[in-house]
Amino acid sequence: MQSVNVLGVSFGYHDAAAALIRDGVVVAAAQQERFSRRKNDPGFPADAIAHCLAVAGIGADQLSLVAYYEDSLVKFDRVVSTAIEGFPASRRNFDETVARWVRDGRFQVRERLADHLGVPLDMVVETNHHDSHGASAYFCSPFDSAAVVTLDGVGEYETATIGVGRDGRLQRLGAVRLPHSIGLFYSAFTAYLGFTVNEGEYKVMGMSAFGSPVFKDRLLDMFTLNGDGTFELDQTCFEFLTPEEFPFNQSLIDRLGPARVPGAPFAVDEAHMPEDVSVEQRAGVLGDSRRFADVAASVQACTEEVILHIVRHAAARTGQTSVCLAGGVALNSLANGRLQREGLSLFVQPAAGDAGGAVGAAAYHWHHTLGKGRMAPLKSSAFGRQFSRGDVDKALANSGFELVFASDDEGEYLAAVAKLIADGNVVGWVHGRSEWGPRALGYRSILADPTSPSIQRRINDKIKFREPFRPFAPAVIAERAAEFFELPQPLTPCSPESFMLAVHPVKSQWRERLPGVTHADGTARVQAVHADCHPVFYRLLRAFEAVRQVPILVNTSFNLNGEPIVDSPQDAIRTFTLSGLDYLCMENRILSKAIIL
């Protein structure tokens with residue numbers, strides 16, 4: 001019987017991607033940034049598409065359907081209507097947007113995809129943005145039925161939806177429309193706190209641990225929480241329709257004080273003070289840092305209340321205790337942990353943002369257009385490229401660094417890597433197919449000893465060159481996770497923890513013993529590693545336990561600040577060269593920083 005292949009594609013705004021479903025199974029998925037090396041690349045994902053077809057071993061003529069992740073004409077209608085509403089302030093933004101749409105061919109999305117693939121135009125379909133999000137969550141989940149909630153900045157017009165997945169179908173029950181948006185609310189404060197919108201939101205989460213939510217009630221007063229689970233957001237402080245420069249205005253500054261200058265020093269105490277801050281500046285830095293940390297904590301607490309309001313009503317309205325989440329806001333791991341502590345069973349698609357819309361568009365039409373049976377749930381995110389031993393050996397030979405270990409014996413290799421880490425080294429780790437989504441899950445990771453009290457600062461300062469308040473996640477073998485972390489529910493391969501998408505408290509007796517993964521508020525964004533889903537990384541954790549007596553490693557993404565996660569052996573070697581990493585461990589090979597003359 002001939003296979004049914006559905007290609008899903010997202011591009012044009014940010015996080016361009018492609019994904020392929022074959023006979024109800026996701027067989028390949030990748031973001032264009034992994035190939036172009038441009039973070040959050042919005043461009044046409046030709047390389048990601050080629051990857052998907054290559055993994056499936058098919059040509060475009062064997063595709064059954066091609067699905068784009070949003071409705072381009074409705075999206076443009078929203079762009080025009082909001083510009084008219086905000087005219088004349090919106091004039092420059094509107095002109096730039098129209099020019100970009102023309103330049104990027106977004107008026108002819110279907111035609112562009114059909115032409116690129118050489119398939120008939122009627123094989124290419126478009127999908128509502130939030131339907132793509134909802135489909136990526138429900139159809140990839142392990143639940144037969146569930147409440148389905150999508151939350152992001154904005155799609156065509158909607159910013160959030162409530163629905164139900166049942167009997168292999170999605171049903172929309174309600175929606176929130178622009179300008180009322182929890183995603184844009186969070187992004188406005190991302191900009192206020194000096195970070196890049198659509199990229200720095202997770203930095204706000206990291207900063208929030210150092211503050212107290214003293215402004216929470218003031219921020220919650222901006223929201224009206226309706227009885228049907230929807231909400232409205234007072235627009236006095238925001239510029240969502242005409243964001244000429246920032247998505248907030250002077251009114252927000254009047255309420256909370258001056259915004260943080262991007263790159264300004266941040267230190268919660270003298271121990272974290274950057275070296276280049278003078279004695280005269282220190283008091284000001286500490287005072288500003290405390291206020292910004294309090295703002296971040298307040299934004300996070302307020303956002304959690306709004307999310308909880310939406311999800312509680314969705315669960316009650318649908319009669320479900322299982323909830324599927326997608327959209328960029330679903331990557332808020334602090335909120336996900338809180339939802340679990342409320343007794344809800346969650347599935348969060350690992351690439352919950354716009355990239356995941358590629359999987360969602362394909363999944364939506366697999367079920368709703370082609371009428372096929374229920375897809376297999378996602379238990380892994382390893383859908384990217386894999387490189388042969390020959391590719392790795394060639395790249396290492398041309399690196400200029402010394403190869404200090406090479407063996408086909410996996411046990412010897414893992415023992416050697418574990419010892420290097422236990423001896424205080426920080427290693428780059430490359431194994432198997434690269435991850436789908438923004439989290440490094442042990443395929444393209446930087447690994448270190450979680451018991452080291454200096455490891456967080458060393459990695460932030462010398463290896464990733466990023467802000468000192470950024471935490472690191474613990475990768476832990478799944479069956480032992482409850483010994484170290486306060487987990488509200490049993491773990492499964494589909495739990496948010498499998499994809500590093502939920503934050504939980506570190507048990508009090510382990511906080512001082514695991515300083516490398518314990519954040520300022522005593523929490524950690526846990527990654528639970530299951531032996532049947534990620535066997536090699538699981539065995540590395542076991543090997544490290546044999547040396548250090550804890551089955552946990554510091555796990556952070558293998559990239560420099562501002563760059564995509566590495567993908568190819570060449571990417572890994574370049575990042576190894578430019579960073580303070582001690583060793584590069586790649587497919588049973590170990591490279592040291594010693595230079596071959």
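- Looking only at atom types and distance, the side chain of Arg470 has no donor-acceptor partner in the side chain of Asn460 under 3.5 Å away.
- The line from CG of Leu441 to OG of Ser380 is 8.5 Å long, rounded to the nearest 0.5 Å.
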Verify side-chain contact (heavy atoms from CB on, under 4.5 Å) between Thr556 and Lys464, making sure each step is shown before the conclusion. CA-CA 10 Å; Thr556 188; Lys464 301 198 71 171; 3.2 Å; yes
Can Leu233 and Gln235 be said to form a side-chain contact (heavy atoms from CB on, under 4.5 Å), step by step? CA-CA 6 Å; Leu233 175 60; Gln235 299 296 301; 3.8 Å; yes
Residue pair Lys203, Glu467: steps toward the salt bridge (charged side-chain N to carboxylate O under 4.0 Å, His left out) verdict: CA-CA 9 Å; Lys203 298 181 183 181; Glu467 300 87 352; 3.2 Å; yes
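- Here the CG-SG distance, from Leu414 to Cys585, works out to 10.0 Å after rounding to the nearest 0.5 Å.
- You'll find the side chain of Leu339 stays beyond 4.5 Å of the side chain of Val323, heavy atoms only.
- Between the side chain of Asn249 and the main chain of Ser251, a donor-acceptor pair closer than 3.5 Å is present.
- Looking only at side-chain heavy atoms (C-beta outward), Pro474 and Pro450 stay at 4.5 Å or farther from each other.
- In this structure the side chain of Val329 never reaches within 4.5 angstrom of the side chain of Tyr186, judged on heavy atoms.
- Glu497 places no side-chain N or O within donor-acceptor distance of the main-chain N or O of His504, the cut-off being under 3.5 Å.
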Give the C-alpha distance, both sets of side-chain angles, the deciding distance and a yes or no for salt bridge (charged side-chain N to carboxylate O under 4.0 Å, His left out) between Glu479 and Arg542. CA-CA 12 Å; Glu479 64 268 27; Arg542 283 292 195 190; 3.3 Å; yes
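- Relative to the six-membered ring of Phe576, Lys593 meets both conditions, a distance below 6.0 Å and an angle of at most 45° to the axis.
- Annotation for Leu541 and Ile477: closest pair CB-CG2, 3.7 Å, computed over non-hydrogen atoms.
- In terms of heavy-atom proximity, Ser212 sits nearest to Asp294 at N-OD1, 2.8 Å.
- Between atom CG of residue Leu501 and atom CG of residue Leu334 there is a gap of 11.5 Å, rounded to the nearest 0.5 Å.
- When ring centroids are compared, Phe223 and Phe185 come within the 6.0 Å threshold.
- The ring of His519 has its center closer than 6.0 angstrom to the ring center of Phe210.
- Within the model, atoms CG of Leu447 and CG of Leu540 stand 6.5 Å from one another, a figure rounded to the nearest 0.5 Å.
- In summary, the aromatic rings of Tyr138 and Phe143 are positioned with their centroids too far apart to meet the 6.0 Å limit.
- In summary, Glu486 and Lys507 do not engage in a salt bridge, as defined by a charged side-chain N under 4.0 Å from a carboxylate O.
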Evaluation steps, side-chain contact (heavy atoms from CB on, under 4.5 Å), between Val426 and Ile459: CA-CA 8 Å; Val426 182; Ile459 296 175; 4.3 Å; yes
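- Side chains of Phe472 and Ile446 form no contact here, defined as non-hydrogen atoms less than 4.5 Å apart.
- Of all non-hydrogen atoms in Ala440 and Phe558, the two that sit nearest each other are CB-N, 4.5 Å.
- With respect to Glu545 and Arg480, a salt bridge is recorded, a charged nitrogen being found less than 4.0 Å from a carboxylate O.
- Put simply, the side chain of Ser187 never gets that close to the backbone of Leu184: no donor and acceptor are under 3.5 Å apart.
- Listed by first and then second residue, the salt bridge (charged side-chain N to carboxylate O under 4.0 Å, His left out) pairs that reach into residues 575-586 are Arg458-Asp582, sequence neighbours excluded.
- Aromatic ring pairs are classed by plane angle as parallel below 30°, tilted from 30° to 60° and perpendicular above 60°; the pair Trp429 and Tyr413 is parallel.
- For the side chain to side chain contact (heavy atoms under 4.5 Å, CB included) with Asp41, the lone residue among Arg34, Glu33, Gln31 that qualifies is Glu33.
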Applying ring-ring contact (aromatic ring centres under 6.0 Å, His included), run through His534 and His530 and close with a yes or a no. CA-CA 6 Å; His534 199 340; His530 296 262; over 10 Å; no
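- Ring-centre distance between Phe238 and Phe248: not below the 6.0 Å cut-off.
- Interatomic distance, CZ of Phe266 versus CZ of Arg290, reported as 9.0 Å (0.5 Å rounding).
- The backbone N or O of Leu256 lies less than 3.5 Å from a partner atom in the side chain of Arg291, making a donor-acceptor pair.
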side-chain contact (heavy atoms from CB on, under 4.5 Å) between Lys216 and Leu220, intermediate numbers included: CA-CA 6 Å; Lys216 174 185 172 183; Leu220 270 176; 3.8 Å; yes
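- Using a distance-only test at 3.5 Å, with no hydrogens or angles considered, no donor-acceptor pair links the side chain of Asn425 to the main chain of Ile421.
- Counting heavy atoms of neighbouring residues, nucleotides and ligands inside a 6.0 Å radius, atom NZ of Lys379 does not exceed 12 of them.
- Note: Ile565 CD1 to Ser434 OG = 9.0 Å, rounded to the nearest 0.5 Å.
- For the salt bridge (charged side-chain N to carboxylate O under 4.0 Å, His left out) condition, the pairs that include at least one residue of residues 439-452, sequence neighbours left out, are Asp449-Arg548.
- At distances below 3.5 Å, not a single donor-acceptor pair connects side-chain atoms of Thr230 with backbone N or O atoms of Asn226.
- Under the 4.5 Å side-chain criterion, counting only non-hydrogen atoms from C-beta, Arg260 is not in contact with Tyr192.
- Looking only at atom types and distance, the side chain of His133 has a donor-acceptor partner in the side chain of Asp152 under 3.5 Å away.
- By the 4.5 Å heavy-atom criterion applied to side chains, Leu591 and Met586 are not counted as neighbours.
- Using a 4.5 Å heavy-atom threshold, the side chains of Ser298 and Arg218 count as separate.
- In this structure, Gln456 contributes its side chain and Pro453 its backbone to no donor-acceptor pair below 3.5 Å.
- Inter-residue side-chain proximity for Val427 and Leu581 is flagged as unmet; no heavy-atom pair is nearer than 4.5 Å.
- With His180 contributing its side chain and Val176 its backbone, the two residues share no donor-acceptor pair below 3.5 Å.
- Of all the heavy atoms in Val550 and Phe544, the pair that sits closest is O-CD2, 3.4 Å.
- Side-chain N or O atoms of Ser498 include one that pairs as donor or acceptor with a backbone N or O of Thr492 at under 3.5 Å.
- In terms of heavy-atom proximity, Thr190 sits nearest to Gly200 at CG2-C, 3.6 Å.
- Nearest heavy atom pair, residue Trp436 against residue Ala355, reads CH2-O, 3.3 Å.
- Between the side chains of Ser495 and Gln489, no donor N or O sits under 3.5 Å from an acceptor N or O.
- Sorted by first and then second residue, the salt bridge (charged side-chain N to carboxylate O under 4.0 Å, His left out) pairs involving residues 522-541 (not counting sequence neighbours) are Glu410-Arg539.
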